[in-house]
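Read through the structure below, which is laid out as structure tokens, and then see the notes.
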Amino acid sequence: MDWLSHLLAMMPVTGRLDLRCHYGAPWRIDQPGADAGTMAYHALLAGSATVEDPLGGPPHQLRGGDILLIPSGLPHSLHDGSGASPVPARDRPGLNLTFSENGGGDHAEPGSRLDMLCGQFVTSVQHNRLFRAYLPPLLIVRGGKSAAGARVASLLGLMRAEADNESLGGRALLNALSAALFALTLRLAGEAATAPAGLLALAAHPRLAPALTAMFDAPARPWTLPDLARLCHMSRATLARHFQKNLGRSAAELLLDIRMTTAANELRKPLRSAGAVAEAAGYQSEAAFQRVFKQHMGVTPAQWRRAARLGGDE
């Protein structure tokens with residue numbers, strides 16, 4: 001598998017579509033911070049929106065076809081940009097999701113009213129911590145004419161049709177399409193000319209793909225920087241510079257995160273011995289593995305396994 005497929009297999013993401021917004025100006029949405037293990041998303045089907053940067057930077061403009069993802073889980077606000085007091089919105093429960101409507105913009109031009117899907121991408125708490133570490137706090141993915149952009153547009157069109165029709169089984173399908181939207185959003189973001197810092201920035205450098213795939217494919221192997229550099233046909237210094245500049249951390253740090261995620265997943269299997277888990281994570285010494293796991297995850301492997309058995313998440 002390619003490295004992104006490996007990543008999503010290691011850290012599964014499900015989706016949930018909660019709301020479809022039909023607003024005319026003036027309108028405003030103030031969304032609180034996300035619960036642990038969730039990331040809010042907003043997909044614009046039509047109209048435009050202004051997004052206030054939750055970190056205090058300049059606002060961002062969104063248009064139809066754009067997707068906003070908040071991996072950081074921070075509170076955030078979207079509005080029409082007019083500065084006028086918003087027309088109050090009312091929720092109308094549907095068969096498969098809730099419709100939020102404000103009745104504003106009655107004389108607006110066709111296509112200028114906001115039509116937006118709002119939902120959540122859901123992971124385990126630990127996996128969500130890693131997504132937050134490797135994705136930007138706020139991710140805006142622009143719709144485009146690339147192959148990935150066309151697939152995103154097609155997917156959003158299908159989600160719009162399902163939301164409109166309210167057919168039997170629609171909620172399950174909308175949630176499944178939301179999960180697919182996450183993978184397509186990351187792919188499209190990685191193909192952008194200015195990919196954001198983190199794993200998506202590495203994705204914008206095809207020459208680094210062999211190193212990423214190798215670490216995800218065989219995390220137990222004792223990879224060294226020269227090994228990974230040879231796979232990418234570049235010097236170790238060049239590889240190290242690419243990782244530090246684009247990812248913000250070294251290849252060794254990424255490999256450690258992959259190994260600990262692998263171990264955490266293996267510990268969920270009740271018949272998997274501690275020694276086998278350590279070996280899967282690249283450790284011949286069980287004691288060394290337990291020490292690193294505790295330092296990295298904050299709990300011992302045994303405590304992690306007990307929490308997983310009880311349905312909790314450290």
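No hydrogens, no waters, no symmetry mates; every other heavy atom, side chains included, goes into these values.
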Checklist entry - Checking side-chain contact (heavy atoms from CB on, under 4.5 Å) against Phe216, which of Ile258, Thr261, Thr262 comes through? => result Ile258
Is a side-chain donor-acceptor pair under 3.5 Å present for [Y] with [X]?
X: His22; Y: Asn102; answer: no
X: Asp227; Y: Thr224; answer: yes
X: Asn165; Y: Ser167; answer: no
X: His60; Y: Asp66; answer: no

Item to check | Pair Glu101 + Arg90: basic N to acidic O under 4.0 Å | outcome: no
Checklist entry - So, are Arg113 and Asp115 salt-bridged, with charged N and O less than 4.0 Å apart? => result no
Checklist entry - Gln31 side chain to Pro75 main-chain N or O, any donor-acceptor pair under 3.5 Å? => result no
Next on the checklist: When you measure from the side chain of Arg63 to the backbone of Ser48, do you find a donor-acceptor pair of N or O atoms at a distance under 3.5 Å?
Outcome noted: no
Please set out all donor-acceptor pairs under 3.5 angstrom arising from side-chain atoms of residues 3-11, sequence neighbours excluded.
from	atom 1	to	atom 2	distance (Å)
Ser5	OG	Asp2	OD1	2.7
Ser5	OG	Asp2	OD2	3.4
His6	NE2	Asp217	OD1	3.4

Checklist entry - What are the two closest non-hydrogen atoms of Pro93 and Asp91, and how far apart are they? => result CD-O, 3.8 Å
Item to check | Residue pair Leu155 / Ala180: nearest heavy atoms and the distance that separates them | outcome: CD2-C, 3.9 Å
Item to check | From His79, His76, Arg28, residue fulfilling side-chain hydrogen bond (donor to acceptor under 3.5 Å, both in side chains) relative to Glu52 | outcome: His79
Checklist entry - From Leu199 CG over to Phe131 CZ, what is the distance, rounded to the nearest 0.5 angstrom? => result 9.0 Å
Item to check | Met215 CE to Leu256 CG distance, which is reported to the nearest 0.5 Å | outcome: 11.5 Å
